[in-house]
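Inspection log for the structure reproduced underneath, given as structure tokens.
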Amino acid sequence: RKGSSPYFLTSRDPSAPVAVRTTIDARLQGEAHRILAGALEDFDAAIAMAIVLDLESGEVLALDSISRYRNQSFAPVAHLFTPGSTFKLVTMAMGLESGAVTPTEMIDVGDGRAYTIPREIGKRTVHEALGAPSGVIQAADCVAQSSNAGMIQIGLRLAPEYFRKKVIELGYGQKPGAGLGAENFFPVAGLDKWKMREHQVSMSFGHQVMVSMWQQAEALSCILRGGTWKPLTLVKELRQGELVEAIDPSALGRGGPRRVFSEDTSAKVRAMMTLGAREGTGKKIVRHDIEMGSKTGTTEKEKNSLSTHVELAAIEKIIDSGEQLTTAEWLDRR
């Protein structure tokens, strides 16, 4: 200023605004939201989430979540849940890749109600979901018909070192780095604490592990696209005037594509999912005018375990109260 009169040293034209081109398909996004809203009411759910992917590229075409409770984080990357039988695709892929099983191998899954693990592993009986198969069935049907007994037997054929290594390669036990705010993850036990009876038996049918929806989608898409892991992406490019910059997912700190399973393993898992949609647990939703595969997942809340309704309601109450809790205090409150 000179006295009371303002003056400028220089001036320039405003920059063009930056435009972000995402991978989201608006029509699919709207449809996903509509379906989730209906599901939340139909099943009296605490939370409902959905993700739609372009399998080959890893681009996210729709991503949404609806909850009955207010939260400070985005559920698809922050809310952890037990994947249940959807994790059987991981176990089967490991079994096929290692040569521990073939799709047509016959496996005795017992009475279809419960399975007692071999005595040398430890004392434990695992129950089946309602409608599980019984007797001697093909390994492929262990996925299509979702047999805990069959998948446990396949999982126990794998060395703990191999089992854990593949789980880590798929992205479990670490933050996905999606860029959508605070992320949670469930740590995978180290080999020094790994127990066949506890960890490997449970993980073979989708327990003793928790995942976020983003993390699970990223891992399963690796198995299904041909065995090559790629990070899921939400942004295609940035534009500013005449400048256009394409976004390379491998430059976002998570590395580029890497092979985890062979194309042959991937093809066999996809065939099992096709069987599951046509004749197995997905037959109630199968459509014959498209190529479709399915893997249903069921989990049962164990006695004294935390209800999601109770947990999310408590978090909402803390948010409304304005309390500032440390991570340790959050865990203790939970």
Side-chain angles (χ1 to χ4, degrees), residues 17-81 83-84 86 89 171 176-184 211-222 224-225 230-240 244-247 249 252 270 273-274 276-277 281-298 308-309 312-313 315-316 319:
V18 175
V20 180
R21 184 184 174 206
T22 74
T23 61
I24 295 294
D25 180 306
R27 184 185 62 83
L28 288 176
Q29 182 72 18
E31 183 69 3
H33 185 87
R34 183 188 67 79
I35 292 172
L36 290 179
L40 196 76
E41 295 306 316
D42 291 346
F43 299 100
D44 192 26
I47 190 168
M49 299 180 286
I51 187 167
V52 183
L53 308 178
D54 179 285
L55 194 60
E56 184 57 38
S57 67
E59 292 181 350
V60 177
L61 305 180
L63 178 68
D64 203 359
S65 69
I66 301 179
S67 175
R68 293 183 182 276
Y69 309 94
R70 287 185 299 282
N71 207 326
Q72 292 177 317
S73 54
F74 187 47
V77 296
H79 179 73
L80 299 182
F81 60 93
T86 62
L89 298 177
L180 294 171
E183 297 180 346
N184 291 321
V211 301
S212 66
M213 186 180 69
W214 181 284
Q215 186 180 50
Q216 184 72 342
E218 194 168 66
L220 298 188
S221 63
C222 165
L224 300 177
R225 77 164 53 91
K230 294 179 181 180
L232 300 186
T233 58
L234 270 169
V235 179
K236 280 181 176 287
E237 63 184 24
L238 302 178
R239 291 176 176 268
Q240 188 174 32
V244 179
E245 182 176 350
I247 301 300
L252 299 179
R270 289 198 305 270
M273 292 180 69
T274 301
T281 56
K283 61 185 178 183
K284 289 184 179 180
I285 61 167
V286 70
R287 282 179 50 175
H288 298 287
D289 57 331
I290 58 174
E291 183 181 351
M292 181 175 177
S294 70
K295 182 68 204 87
T296 58
T298 307
T308 305
H309 279 283
L312 295 184
I315 290 174
E316 181 180 77
I319 292 171

Taking Glu237 for the side chain and Val20 for the main chain, is one N or O donor matched with an acceptor at less than 3.5 Å?
-> no
Scan residues 44-75 for pairs that pass ring pair (Phe, Tyr, Trp, His ring centres under 6.0 Å), counting only residues two or more places apart or in two chains.
-> Tyr69-His309
Between Val77 and Ala178 the two heavy atoms that sit nearest each other are CG1-CB, 3.9 Å
In this structure, CD of Glu59 is separated from OG1 of Thr22 (nearest 0.5 Å) by 9.5 Å
Could you verify whether a donor N or O on one side chain and an acceptor N or O on the other, from Ser212 and Glu183, lie under 3.5 Å apart?
-> no
Without swapping roles, check the side chain of Thr23 against the backbone of Val60 for a donor-acceptor pair under 3.5 Å.
-> yes
If only atom types and distance count, is the side chain of Glu218 paired as donor or acceptor with the main-chain N or O of Gly171 below 3.5 Å?
-> no
Taking the side chain from Thr281 and the backbone from Lys295, do they hold a donor-acceptor pair closer than 3.5 Å?
-> no
Indicate yes or no for a side-chain donor-acceptor contact from Arg68 to the backbone of Ala46 under 3.5 Å, with no hydrogens or angles considered.
-> no
Distance-only, no hydrogens or angles: does the Lys230 side chain make a donor-acceptor pair with backbone N or O of Glu56 under 3.5 Å?
-> yes
Heavy-atom closest pair (Ser65 atom, Pro76 atom, distance to 0.1 Å) is OG-CD, 3.6 Å
Roughly how far, to the nearest 0.5 Å, is CD1 of Ile319 from CG of Leu312?
-> 9.5 Å
Partners meeting salt bridge (Lys or Arg N to Asp or Glu O under 4.0 Å) with Arg287 (sequence neighbours left out) = Asp289
So Ile285 and Met292, side chain to side chain contact (heavy atoms under 4.5 Å, CB included) or not? Walk me through it.
-> CA-CA 10 Å; Ile285 61 167; Met292 181 175 177; 3.9 Å; yes
Flag side-chain contact, heavy atom, 4.5 Å: Ser221 against Leu232 = yes
Quick one: pull up OG1 in Thr296 and NZ in Lys283 and give me the separation to the nearest 0.5 Å.
-> 11.5 Å
Is a donor on one side and an acceptor on the other found under 3.5 Å between the side chain of Glu316 and the backbone of Arg70?
-> yes
Are Val211 and Leu80 side-chain neighbours, meaning at least one heavy-atom pair lies under 4.5 Å?
-> no
Run through Leu61, Val52, Ile24 and flag the one making a side-chain contact (heavy atoms from CB on, under 4.5 Å) with Gln29.
-> Ile24
Leu63 and Met213, any side-chain heavy atoms less than 4.5 Å apart = yes
CG-CG distance between Leu180 and Leu234, expressed to the nearest 0.5 angstrom = 5.5 Å
Between Pro176 and Gln215, which heavy-atom pair has the shortest distance, and what is it?
-> CG-CB, 4.2 Å
When rounded to the nearest 0.5 Å, the distance separating OG of Ser73 from NE2 of His79 is 10.0 Å
pair Arg239-Val18: side-chain heavy atoms closer than 4.5 Å | no
Taking atom CD of Glu291 and atom CE of Met273, what is their separation to the nearest 0.5 Å?
-> 11.0 Å
Ala217 to Ile51 - nearest heavy-atom pair and separation | CB-CG2, 3.8 Å
Ignoring hydrogens and angles, tell me if any N or O in the side chain of Arg270 forms a donor-acceptor pair with the backbone of Leu224 under 3.5 Å.
-> yes
